[in-house]
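Here's the structure we're looking at; comments come further down.
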Amino acid sequence: MALPPQDDRTMPAAVLPDLDRQPLDRSLAALQTLIDQHGHVIVVCSQAVPREVERRLLTVRSLLESDRIALFRPDLPPLGLAVLARQLRQLASCDLSPGVLASAARLLTHYLHAGALLGSVTKLDRVPVSLKSHAKSWMPGSQFGVLAHPQPQLVRIGPDATLAGPEFATSMLVGRGQLQSDWVTATLAKSWSVQGLREVPLPAESADWWGTGKLIEFCTFLPDLSVLYQLVTSVRQNICHWCGIEVIGDRCVFCSAVSPVSPVSPVRDNQSPAYGGQSPPSGNQSPAYGSQSPPYGNQSLRYENHSPVHRNQLPAG
């Protein structure tokens, strides 16, 4: 998930490989070193990694008796999670407190559109698949466009096939697996009015997450740091009543305590009390736990200098 830096301000990632296979004392030392160096650690993890990785992280957090480790494991495809991790690395260069930065992960997921073009959906269990789609999956040459986030959607690729895209201007990353097609880069990117498109290596967990290696994974996102910063800082900040750290939203991502909270900054007009006018997460989701995945290759990405702007208005509140 360690995507190449977006710009010269993007903070480097600290990759934690082989947590489920290395001795416990080595895992403890790695996390303790990061805490000593940076004060707080935000661990972002794919749900496709082995369960042993999650258990190791929870064990280390418990043994260290630290409330300065935030474990975040959202239900995003691997490439979408890699994009989110890089956005947090971008924001880490700004004047945001650790609690606000960690809380921003939940907010920024709502501005990601993540999916894939699949050659088969027979083993796909992350998105609802009808019996009809399963049957068509056995037909030679069948391909399916799947949107996993923010709303699940599946279509069989044809002349009029389309997926619901973002209502604001974005950039797109594409990771190619063992599937040959230009539908994502030519058809989908055009219909979504993508402003910048780059290819990156496919994440190691993608084949397991999507149930097939015959895929092309994609994710659209807001690339501009100023827009990301505006989104996060437009949300009201609160003080966690348990550990005293500044957060946004109703749950502390470090100690997992839930409101009541005390506001420390005023709410702007027409803003949601908890999310500053942004779309709040569905349900009472709590921070999920997990680990890092193997790093990507050392490829540099270049993006057109476009500031993402809503087709009718700015995406920020």
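Between Trp192 and His113, the ring planes are perpendicular. Angles over 60° get that label, and only those under 30° would be called parallel.
The side-chain heavy atoms of Leu112 and Pro150, taken from C-beta on, include no pair separated by under 4.5 Å. In this structure, Glu246 and Ile239 have side chains that are in contact, with non-hydrogen atoms separated by less than 4.5 Å. Contact of the Val227 side chain with the Leu225 side chain is not registered, since no non-hydrogen atoms from C-beta on lie closer than 4.5 Å. Put simply, the side chain of Val49 does not reach to within 4.5 Å of the side chain of Glu54, judged on heavy atoms. For the pair Val121/Trp210, no side-chain contact is recorded, criterion being any heavy-atom separation below 4.5 Å from C-beta on. You'll find the side chain of Gln90 stays beyond 4.5 Å of the side chain of Leu88, heavy atoms only. Between Cys240 and Cys255 there is a side-chain heavy-atom pair separated by less than 4.5 Å.
Here the straight-line distance linking atom CG of Leu3 with atom OG1 of Thr10 works out to 10.5 Å at 0.5 Å rounding. Here CD1 of Ile216 is found 7.0 Å from OG1 of Thr185. Values are rounded to the nearest 0.5 Å. To the nearest 0.5 Å, atom CG of residue Leu228 and atom CD of residue Gln87 are 5.0 Å apart. How far OG of Ser46 is from CD of Glu205: 5.0 Å, rounded to the nearest 0.5 Å. Within the model, atoms CG of Leu79 and CZ of Phe221 stand 9.0 Å from one another, a figure rounded to the nearest 0.5 Å. Atom CD of Gln143 and atom NZ of Lys214 lie 10.5 Å apart (nearest 0.5 Å).
Without hydrogens or angle criteria, Ser62 side chain to Leu58 main chain gives no donor-acceptor distance under 3.5 Å. Between the side chain of Gln153 and the main chain of Ala164, a donor-acceptor pair closer than 3.5 Å is present. The closest donor-acceptor contact from the side chain of Thr109 to the backbone of Arg106 lies under 3.5 Å. Arg156 places no side-chain N or O within donor-acceptor distance of the main-chain N or O of Phe144, the cut-off being under 3.5 Å. No donor-acceptor pair closer than 3.5 Å links the side chain of Arg236 to the backbone N or O of Ile248.
Hydrophobic clustering, with ILVMFWY side chains joined whenever heavy atoms are under 4.5 angstrom apart, keeps Met11 apart from Leu108. Put simply, Val41 and Leu63 are part of the same group of oily side chains (I, L, V, M, F, W, Y) that touch within less than 4.5 Å, one to the next.
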Side chain to side chain donor-acceptor pair (under 3.5 Å) between Ser206 and Glu217, worked out: CA-CA 8 Å; Ser206 292; Glu217 192 171 2; 2.5 Å; yes
Between Leu96 and Thr233, is the side-chain contact (heavy atoms from CB on, under 4.5 Å) condition met? List the steps. CA-CA 8 Å; Leu96 300 175; Thr233 56; 3.9 Å; yes
Please test His149 against Asp75 for side-chain contact (heavy atoms from CB on, under 4.5 Å), starting from the C-alpha separation and ending with a verdict. CA-CA 8 Å; His149 183 86; Asp75 189 17; over 6 Å; no
Run the side-chain contact (heavy atoms from CB on, under 4.5 Å) check on Tyr111 and Thr220 step by step: do they pass? CA-CA 8 Å; Tyr111 295 87; Thr220 62; over 6 Å; no
Checking side-chain contact (heavy atoms from CB on, under 4.5 Å) for the pair Arg126/Gln47: CA distance, chi angles, key distance, verdict? CA-CA 11 Å; Arg126 306 283 183 170; Gln47 292 196 9; 4.0 Å; yes
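Listed by first and then second residue, the ring pair (Phe, Tyr, Trp, His ring centres under 6.0 Å) pairs that reach into residues 79-105 come to none, sequence neighbours excluded. Every pair tested for ring pair (Phe, Tyr, Trp, His ring centres under 6.0 Å) that includes a residue from residues 81-107 fails, sequence neighbours excluded, so the list is empty. Note on residues 95-104: no pairs pass salt bridge (Lys or Arg N to Asp or Glu O under 4.0 Å), not counting sequence neighbours.
With sequence neighbours left out, the side-chain contact (heavy atoms from CB on, under 4.5 Å) criterion links Leu64 to Leu28, Leu31, Gln32, Ile35, Val60, Ser66, Ile69. Checked against salt bridge (Lys or Arg N to Asp or Glu O under 4.0 Å), Arg26 has no partners two or more places apart in sequence or in another chain. With sequence neighbours excluded, the residues that form a ring-ring contact (aromatic ring centres under 6.0 Å, His included) with His40 are Phe254. Applying the side-chain contact (heavy atoms from CB on, under 4.5 Å) criterion to Ala30, with sequence neighbours excluded, gives Leu16. By the salt bridge (Lys or Arg N to Asp or Glu O under 4.0 Å) test, Arg9 is found to be paired with no residue, residues two or more places apart in sequence or in another chain being considered. Remark: Gln37 engages Thr33, Leu34 in a side-chain contact (heavy atoms from CB on, under 4.5 Å) (not counting sequence neighbours). Residues meeting the salt bridge (Lys or Arg N to Asp or Glu O under 4.0 Å) test with Arg176, sequence neighbours left out: Glu199. Asp18 is linked by a salt bridge (Lys or Arg N to Asp or Glu O under 4.0 Å) to Arg21, counting only residues two or more places apart in sequence or in another chain. Every residue meeting the side-chain contact (heavy atoms from CB on, under 4.5 Å) condition with Trp183, not counting sequence neighbours, appears here in chain and number order: Leu117, Ile157, Leu163, Ser181, Thr187, Leu188.
A pairwise comparison of heavy atoms in Leu179 and Leu118 identifies CD2-C, 4.2 Å as the closest pair. Minimum interatomic distance between Ala2 and Val15 (heavy atoms only, all atoms of both residues): CB-CG2, 3.9 Å. Between Leu81 and Pro74, the closest heavy-atom pair is CD1-CG, 3.2 Å. Across Phe218 and Ala116, no two heavy atoms sit closer than the pair CE2-N, 3.1 Å. What you find for Asp20 and Pro50 is that their closest heavy atoms are OD2-CG, 3.9 Å. Considering all non-hydrogen atoms of both residues, Ser191 and Thr162 come closest at OG-OG1, 4.4 Å.
For Ser27 and Gln22, the side-chain atoms include at least one donor-acceptor pair closer than 3.5 Å.
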